[in-house]
Asks: 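Below: one structure in structure tokens.
Naming convention: chains lettered A, B, ... in sequence-line order (proteins, then strands); numbering from 1 in each chain.
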Amino acid sequence: MEPRGRYAPSPTGNMTVANAYTALRAWLDVKSRGGEFVLRIDDTDPERNVVTVDSIVSDLTSLGITWDEGPDVGGPYAPYVVSRRLERHVEAARSLEASGRAYWDYTPPLEDASAHKKTKGADRGRTGAYRGNPEPVSGVEPVLRLRVPDARVEVHDRVFGEISQAADDIGEVALLRSDGTPTYHLASCVDDIDMRITSVVRGADWLNSLPQHWLILEALGADPMPEFAHLPLLVGKDGQKLSKREGGLAIRHLVAEEGVPPLALDAYLANLGFPERPDLLSLTELASDFDIAAHNRNSPRFDPKKLRSFTRRWLAEKEAEDSFVAEIRDRAPAVGEDTVRLLLPGVRPRVGTYQEAADLYAFLLASDEAGRDVTPISDEVAARIIGTEPWSAAQLEAAVDSAVPTDAEQRKAMMKAFRDALAPGFRVTPPIHYLLLGLGRERSRIRLGVRTEAAG
RNA sequence: GCCCCCAUCGUCUAGCGGCCUAGGACGCCAGCCUUUCAAGCUGGUAGCACGGGUUCGAAUCCCGUUGGGGGCGCCA
């Protein structure tokens, strides 16, 4: 049977590289096995929903991740937005209660749950897993909880292997809140069954909930039970779970603002947890032999430097000329398309993002003025360069080459002078002949301080 | 505090009892090349957390310690 996998983000913030890391693996896992991929929005906590379905869809799309069913494209198990499936969840909850697999807990709610969560150490004042109070208490609206059978739960995880937990250590997770709405735990399990999900790939921050979810799935009669793969958490520089608040790691920031090529980001993220390949791989190539069971179990760190080496190579070797040109034009609209295309070979090997590429064209936008220090360049040499025929990359390269001295020191000094005069203030630029080519004969003449025949 | 997970160069990783004097990639350093800056090429730097076992033999297996991460009453 072909697997059906899903990615079920909660719209609690912009997608970060950590989300992309998870989504990509979930996608690669089903695609490598010829299965179907479902996008489902897990908006079970209305108070924390801050981003739209559209924003999730566009972030995922920008990364080249596609889905067969989802909130935007529909499908046989619609709707794919959890909050719109409430009736099903409540119905499932009732059946669990009826079969005795769940019960009402009358423990009053914690005054300050968020403060409680932050409490560490002995101050926590509790040991062992949560157990509720089934005796009705007047004035308390109960919450429906999973009843934990008195048996050790053992589940196979495709990445982490056998996961087992004693019954005493498994908390009685909430299924319905006191206001009657379903929690993520219930909703997620019900939806996975309803949508015929056979493969769940998610972050290891869910690993502790696995026994509980397994119990819920069993109690709900899931057949077959889905297989699980938990991913070691992608962590930040500090070694801790990446927070959605870290704006710099938001996909849209990286892609839209910094100009990181999304497919290169995919190649980098997909590589984490696996040995590095000699070639930069596309999504299809990555999917061809993806094996989640071979995934490393320790948490990889997001390393911007390593990312840049992927994006740099991507732009130098794999980016198609037309799309590269389009990206640069978006970021440097004042530069003509022909010019962008003409200088691209000189730009390609020097940049790690589309933005860096666009920035390499900025020298064209400065105003032309003579009077720079062009001391090492004699009037005669400058005039000879300006007189180059035809004004082509190859011809200009040859002209510059024959004009500069052979002595290493002098050559260095003269090249630097050319660069300073043609692209004042720019540290990294395309090669000199590309600067000349981009500026054109007349503007180059002015920048090099060569007087015209008439003026002289 | 309790539970779960993890542990090889700074980072990503190879290694599944002898092939390891621990290999590769990124970073960093140096040299070469070169039409500046980049890129490229060559070389270098740096690691099996610690302690016990098991074994003829351990980075590899077991136990412990330490360290790190994650989770723990109606967030996801």
Side-chain angles (χ1 to χ4, degrees), chain A residues 8-12 42-45 47-48 105 107-110 113-114 116-117 119-133 141-145 157 160-161 163-166 168-179 181 183-185 187-188 203-211 230 232-233 235 237 239-241 268 271-278 296-303 305-310 312 316 346 348-351 360 397 400-401 403-404 408 411-420 422-423 426-433 435:
Chain A
S10 60
T12 51
D42 256 303
D43 55 347
T44 34
D45 184 3
E47 287 180 19
R48 297 204 315 158
D105 169 22
T107 307
L110 238 35
S114 66
H116 182 256
K117 274 181 95 68
T119 309
K120 301 267 190 251
D123 292 343
R124 186 113 198 183
R126 177 177 66 78
T127 57
Y130 182 80
R131 291 292 179 266
N133 169 28
E141 290 296 328
V143 6
L144 189 72
R145 287 191 183 281
D157 182 88
F160 284 94
I163 300 297
S164 95
Q165 203 154 34
D168 285 349
D169 296 325
I170 302 172
E172 293 176 338
V173 68
L175 270 16
L176 288 183
R177 303 187 181 104
S178 52
D179 65 2
T181 60
T183 63
Y184 168 85
H185 303 283
S188 171
D205 42 357
W206 288 111
L207 203 52
N208 291 286
S209 305
L210 180 55
H230 287 80
L233 260 24
V235 298
K237 218 175 156 49
Q240 300 192 338
K241 184 176 168 179
Y268 166 69
N271 179 246
L272 295 170
F274 299 97
E276 190 165 338
R277 314 287 191 81
N296 242 51
R297 292 178 186 177
N298 42 8
S299 290
R301 236 166 247 245
F302 179 76
D303 180 4
K305 287 204 172 136
K306 185 88 173 190
L307 203 216
R308 190 177 193 282
S309 85
F310 272 75
R312 221 220 88 251
R348 241 183 217 279
R350 292 159 226 263
V351 295
L360 280 196
E397 182 172 13
V400 173
D401 188 35
V404 298
R411 173 184 290 252
K412 239 177 146 97
M414 187 173 288
M415 296 314 302
K416 185 164 162 37
F418 267 117
R419 182 165 62 95
D420 288 348
L422 295 169
F426 291 88
R427 203 182 70 79
V428 177
T429 72
I432 307 299
H433 59 279
L435 298 180

Asks: Both distances under 3.5 Å, Watson-Crick or G-U wobble: report the partner of A25(B), or none.
Replies: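 Across any shown strand, A25(B) pairs with U11(B).
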Asks: If you pin Asn208(A) and Ile163(A) to their nearest nucleotides in RNA chain B, which one's is more 5'?
Replies: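 Here Ile163(A) is the residue nearer the 5' end.
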Asks: Is a donor-acceptor pair below 3.5 Å formed from side chain Arg419(A) to base C37(B), judging by atom type as modelled?
Replies: no
Asks: Rounded to whole Å, please give me the gap between CG in Asp303(A) and C1' in U11(B).
Replies: 5 Å
Asks: Would one find a side-chain N or O of Asn296(A) under 4.0 angstrom from OP1 or OP2 of A14(B)?
Replies: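 Answer yes for this pair, as a side-chain N or O of Asn296(A) is under 4.0 Å from OP1 or OP2.
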Asks: Any donor-acceptor pair under 3.5 Å linking the side chain of Arg145(A) with the backbone of Arg131(A)?
Replies: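 No; judged by distance alone, with no hydrogens or angles, the pair does not exist.
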Asks: Using the closest heavy atom to pick a nucleotide of RNA chain B for each, name whichever of His433(A) or Val351(A) lands nearer the 5' end.
Replies: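 On the 5' side of the pair lies His433(A).
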Asks: In whole Å, what is the span from the CG atom of Leu272(A) to the P atom of A14(B)?
Replies: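 About 12 Å, once rounded to whole Å.
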Asks: When you get a sec, tell me which of C12(B), U13(B), C74(B) is the closest nucleotide to the side chain of Ala174(A)?
Replies: C74(B)
Asks: Of the nucleotides G73(B), U35(B), C6(B), which has the atom closest to the Glu397(A) side chain?
Replies: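 It is U35(B).
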Asks: Across the strands shown, which category fits Asn298(A) at heavy-atom distances under 4.0 angstrom: base, sugar-phosphate, nothing?
Replies: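 Counting heavy atoms under 4.0 Å across all strands, the contact made by Asn298(A) is with sugar-phosphate only.
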Asks: What's the closest nucleotide to the Lys412(A) side chain, out of C12(B), C37(B), A76(B)?
Replies: C37(B)
Asks: Could you tell me whether the side chain of Asp179(A) and the main chain of Thr181(A) form a donor-acceptor pair under 3.5 Å?
Replies: yes
Asks: Give the B/S/- string for nucleotides 39-45 of chain B, one per nucleotide from 5' to 3', where a protein heavy atom under 4.0 Å of the base yields B, of only the sugar-phosphate yields S, and otherwise -.
Replies: SS-----
Asks: When we call it a touch if two heavy atoms are under 4.0 Å apart, what does Phe418(A) touch: a base, just sugar-phosphate, or nothing?
Replies: nothing
Asks: Who does A49(B) pair with, Watson-Crick or G-U, both distances under 3.5 Å?
Replies: U65(B)
Asks: Taking all non-hydrogen atoms of both residues into account, name the closest pair between Ala316(A) and Pro349(A) and its distance.
Replies: CB-CA, 4.3 Å
Asks: Can you check the Asp205(A) CG to C3(B) C1' distance for me, whole Å?
Replies: 16 Å
Asks: Between A7(B), A76(B), C74(B), which nucleotide has the shortest distance from any of its atoms to the side chain of Pro109(A)?
Replies: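 Comparing A7(B), A76(B), C74(B) against the side chain of Pro109(A), the answer is C74(B).
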Asks: Whole-Å distance between G69(B) C1' and Lys241(A) NZ?
Replies: 11 Å
Asks: What does G1(B) pair with, Watson-Crick or G-U, if both distances are under 3.5 Å?
Replies: C72(B)
Asks: Classify the side chain of Ser309(A) versus the base of C26(B) as yes if they form a donor-acceptor pair under 3.5 Å and no if they do not.
Replies: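 By the distance-only test, no, there is no pair.
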Asks: Could you let me know what A30(B) is paired to, Watson-Crick or G-U wobble, both distances under 3.5 Å, or none if it's on its own?
Replies: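 Because both required distances fall under 3.5 Å, A30(B) counts as paired with U42(B).
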Asks: Please give, in whole Å, the distance from U34(B) P to Ile432(A) CD1?
Replies: 17 Å
Asks: Between Ser299(A) (side chain) and Leu233(A) (backbone), is there a donor-acceptor pair under 3.5 Å?
Replies: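 It does hold such a pair.
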Asks: Do any N or O atoms from the side chain of Thr183(A) and from the backbone of Ala174(A) form a donor-acceptor pair under 3.5 angstrom?
Replies: yes
Asks: Using atom CZ of Arg297(A) as one end and atom P of A7(B) as the other, report the distance to the nearest whole Å.
Replies: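 After rounding, the reported distance stands at 8 Å.
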Asks: Minimum heavy-atom separation for Arg277(A) and Asn271(A), please, with both atom names.
Replies: N-ND2, 4.1 Å
Asks: Say whether, by atom type as modelled, one donor and one acceptor occur between the side chain of Tyr184(A) and the main chain of Asp45(A) under 3.5 angstrom.
Replies: no
Asks: Out of A7(B), G24(B), A76(B), which has the shortest distance to the side chain of Glu276(A)?
Replies: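 The nucleotide sitting nearest to the side chain is G24(B).
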Asks: Closest approach to the side chain of Val428(A), judged atom by atom: which nucleotide of C5(B), C37(B), U13(B) is it?
Replies: C37(B)
Asks: Nearest-Å distance, CG (Leu210(A)) to P (G71(B))?
Replies: 15 Å
Asks: Provide, to the nearest angstrom, the distance between the CZ atom belonging to Arg308(A) and the P atom belonging to C28(B).
Replies: 10 Å
Asks: What nucleotide among U35(B), C4(B), A76(B) has an atom nearest to a side-chain atom of Arg411(A)?
Replies: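 The listed nucleotide nearest to Arg411(A)'s side chain is U35(B).
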